[in-house]
Amino acid sequence: MLTLYSFPSLFGVADNNPYGLKVYAFLRLAGMPFEQVHIFDSSPAPRGQLPYLVDDGEVVGDSETIIAYLIRKHGLTIDAALTRSQRNTNLLITRMLDDLYWVMSYSRWQDERYWPAFSSALKREHPSLTDDDLLKAKEFNRQRYYFQGIGRYEPDDAIARGLADLAVLGDLIPTHGYAHGDTPTSIDANIYGFTANIHFYEIATPLKRFVDEHETLVRHCRDIHAIVGAPQN
C-alpha cells in the first residue's frame with residue numbers, strides 16, 4: 001500500500017499545500033490505491049519538505065519526483081500518449097506554477113491583509129494548532145520568502161506576479177476537456193493542486209477573485225475535483 005504524507009486539508013480540499021494536493025490528485029487520476037496521512041511536521045521528509053511517499057519501505061520526496069517514480073515503478077500510462085511538444089509545455093507550466101506557489105504562500109502567511117483570516121481558519125479546522133505554533137510557522141515562512149525573493153516585494157507587487165501566472169494558465173487551458181484532450185493527465189493534477197487551493201479558499205484574496213471570475217479555470221478545477229473526490233481522513 002502506498003502512503004502519502006502531506007499537510008492537512010483546508011476548505012474541503014485534501015491538502016492545503018498545492019504540491020501535496022497535486023500528488024493526491026495524480027494518485028486518484030491514475031487509479032492507485034493509497035492511504036493519506038495528514039501531518040504538520042515535515043522533519044521526517046526527504047529534504048524536510050512535504051509531501052513525501054512511502055512505497056514498500058521506499059521513501060520518495062518532492063512532488064515531481066514522486067510522480068516520475070510512480071509512473072516508472074508502477075508502469076502508469078497516464079502520460080503515455082503525450083507528444084514531445086506537450087511534455088515541453090508541461091514543464092513550462094510546472095515551472096510557472098512553482099512561481100505561483102510563492103505568491104500563494106506569501107498571501108497566506110505574510111500579507112497582513114489576509115493573515116488574520118487564514119490563521120483563524122487553520123485554528124478552526126485544526127484545533128491542535130496553537131497561536132505559538134502559527135507564529136513560529138509565520139516567522140519561518142517570512143525568512144523563506146525573504147531569501148527566495150518574494151518577501152522583498154510589497155504585497156500588491158507580489159500578488160501581481162501571481163495574477164500574471166494565472167492569466168497565462170487561463171489562456172492555456174481549453175474551454176472543454178483537459179490540458180491535452182478529453183482525458184486528464186499528470187499536468188491536470190498539477191494545475192488542480194494550485195487552482196483548487198485558490199478557488200475553494202474561503203478568503204477573498206485577489207488570486208481567488210481572479211480564478212473565480214475565470215470560467216475556464218473554475219470549470220477545469222471543478223471537473224478534476226469531481227473525479228478525485230473528498231479528502232481522506
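We count residues from 1, following the sequence as given. FYI, side chains are in, hydrogens and waters are out, and symmetry mates aren't considered; it's all heavy atoms of this structure.
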Could you give the distance from [atom1] ([X]) to [atom2] ([Y]), rounded to the nearest 0.5 Å?
{"X": "L166", "Y": "I198", "atom1": "CG", "atom2": "CD1", "result": "4.5 Å"}
{"X": "R124", "Y": "S119", "atom1": "CZ", "atom2": "OG", "result": "10.0 Å"}
{"X": "T216", "Y": "D171", "atom1": "OG1", "atom2": "CG", "result": "9.0 Å"}
{"X": "M32", "Y": "H74", "atom1": "CE", "atom2": "NE2", "result": "4.0 Å"}
{"X": "H220", "Y": "I191", "atom1": "NE2", "atom2": "CD1", "result": "4.5 Å"}
{"X": "S186", "Y": "D79", "atom1": "OG", "atom2": "CG", "result": "3.5 Å"}

Side chain to side chain, [X] and [Y], heavy atoms closer than 4.5 Å:
{"X": "L53", "Y": "L2", "answer": "yes"}
{"X": "L70", "Y": "L27", "answer": "yes"}
{"X": "R113", "Y": "I159", "answer": "yes"}
{"X": "T183", "Y": "Y178", "answer": "no"}
{"X": "D55", "Y": "V60", "answer": "no"}
{"X": "L207", "Y": "V211", "answer": "no"}

If hydrophobic clusters are built from ILVMFWY residues whose side chains come within less than 4.5 Å, do [X] and [Y] share one?
{"X": "L97", "Y": "V168", "result": "yes"}
{"X": "W109", "Y": "F40", "result": "yes"}
{"X": "I67", "Y": "L76", "result": "yes"}
{"X": "L29", "Y": "L82", "result": "no"}
{"X": "V13", "Y": "I227", "result": "yes"}

Discussion item. Please determine whether side chain to side chain contact (heavy atoms under 4.5 Å, CB included) holds for the pair D132 and L134, giving the CA-CA distance in whole Å, both sets of side-chain angles, and the decisive distance to 0.1 Å.
Written reply: CA-CA 5 Å; D132 189 54; L134 291 171; over 6 Å; no
Discussion item. Using the rule side-chain hydrogen bond (donor to acceptor under 3.5 Å, both in side chains), only one of D98, D62, N190 pairs with Y19; which is it?
Written reply: D98
Discussion item. Against Y201, only a single residue in F210, Y114, F194, F11 fulfils ring pair (Phe, Tyr, Trp, His ring centres under 6.0 Å); can you say which?
Written reply: F11
If we ignore angles and hydrogens, is there a donor and acceptor under 3.5 Å between the side chains of [X] and [Y]?
{"X": "T94", "Y": "E64", "answer": "no"}
{"X": "R222", "Y": "H199", "answer": "yes"}
{"X": "S85", "Y": "N88", "answer": "no"}
{"X": "S43", "Y": "D41", "answer": "yes"}

Looking only at heavy atoms, which two atoms of [X] and [Y] are closest? And how far apart?
{"X": "N197", "Y": "D15", "answer": "ND2-O, 3.1 Å"}
{"X": "V23", "Y": "S63", "answer": "CG2-CB, 3.6 Å"}
{"X": "I78", "Y": "P184", "answer": "CG1-O, 3.8 Å"}
{"X": "S105", "Y": "R144", "answer": "OG-NH1, 4.3 Å"}
{"X": "Q86", "Y": "A81", "answer": "OE1-O, 4.1 Å"}
{"X": "L50", "Y": "S6", "answer": "CD1-C, 4.1 Å"}

Could you check whether any side-chain N or O of [X] sits under 3.5 Å from a backbone N or O of [Y], counting only pairs where one atom can act as donor and the other as acceptor?
{"X": "E35", "Y": "L4", "value": "no"}
{"X": "D111", "Y": "P155", "value": "no"}
{"X": "S107", "Y": "M104", "value": "yes"}
{"X": "S9", "Y": "G12", "value": "no"}
{"X": "T205", "Y": "K208", "value": "yes"}
{"X": "Y145", "Y": "Y153", "value": "no"}
{"X": "D99", "Y": "M96", "value": "no"}
{"X": "S42", "Y": "G48", "value": "yes"}
{"X": "E154", "Y": "D156", "value": "no"}
{"X": "R47", "Y": "G61", "value": "no"}

Fill in: Crowding at NZ, K73 (>12 non-hydrogen neighbours, <6.0 Å)
yes
Worksheet item: Above 12 or not: heavy atoms from other molecules or residues under 6.0 Å from CD of E215?
Response: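 Counting neighbours around CD of E215, 12 or fewer heavy atoms of other residues, nucleotides or ligands fall under 6.0 Å, so no.
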Between [Y] and [X], does any NZ, NE, NH1 or NH2 come within less than 4.0 Å of an OD or OE carboxylate oxygen?
{"X": "K138", "Y": "D131", "value": "no"}
{"X": "R142", "Y": "E139", "value": "yes"}
{"X": "R161", "Y": "D157", "value": "no"}

Practice prompt. Please step through side chain to side chain contact (heavy atoms under 4.5 Å, CB included) for the pair W115 and R108, ending with a clear verdict.
Written response: CA-CA 6 Å; W115 158 253; R108 298 180 175 197; over 6 Å; no
Worksheet item: Is the centre of the Y52 ring less than 6.0 Å from the centre of the Y5 ring?
Response: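 Centroid separation for Y52 and Y5: below 6.0 Å.
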Worksheet item: Are Y24 and F34 close enough that their ring centres sit under 6.0 Å apart?
Response: yes
Worksheet item: With sequence neighbours left out, what residues match L91 under side chain to side chain contact (heavy atoms under 4.5 Å, CB included)?
Response: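 In terms of side chain to side chain contact (heavy atoms under 4.5 Å, CB included), with neighbours along the sequence ignored, L91 is linked to R95.
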Worksheet item: Taking it one step at a time, do N90 and H180 satisfy side-chain hydrogen bond (donor to acceptor under 3.5 Å, both in side chains)?
Response: CA-CA 10 Å; N90 287 357; H180 298 305; 2.7 Å; yes
Discussion item. Using side chain to side chain contact (heavy atoms under 4.5 Å, CB included), reason through I203 and F118 one step at a time and then give a plain yes or no.
Written reply: CA-CA 7 Å; I203 301 166; F118 172 61; 4.0 Å; yes
Fill in: Chi angles and distances behind the side chain to side chain contact (heavy atoms under 4.5 Å, CB included) call for D182, H176
CA-CA 8 Å; D182 294 333; H176 303 286; over 6 Å; no
Item to complete: Show which residues join F147 in its hydrophobic cluster (side-chain heavy-atom contacts under 4.5 Å, direct or indirect), or state none.
Response: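 Via sub-4.5 Å side-chain contacts, F147 links to Y146.
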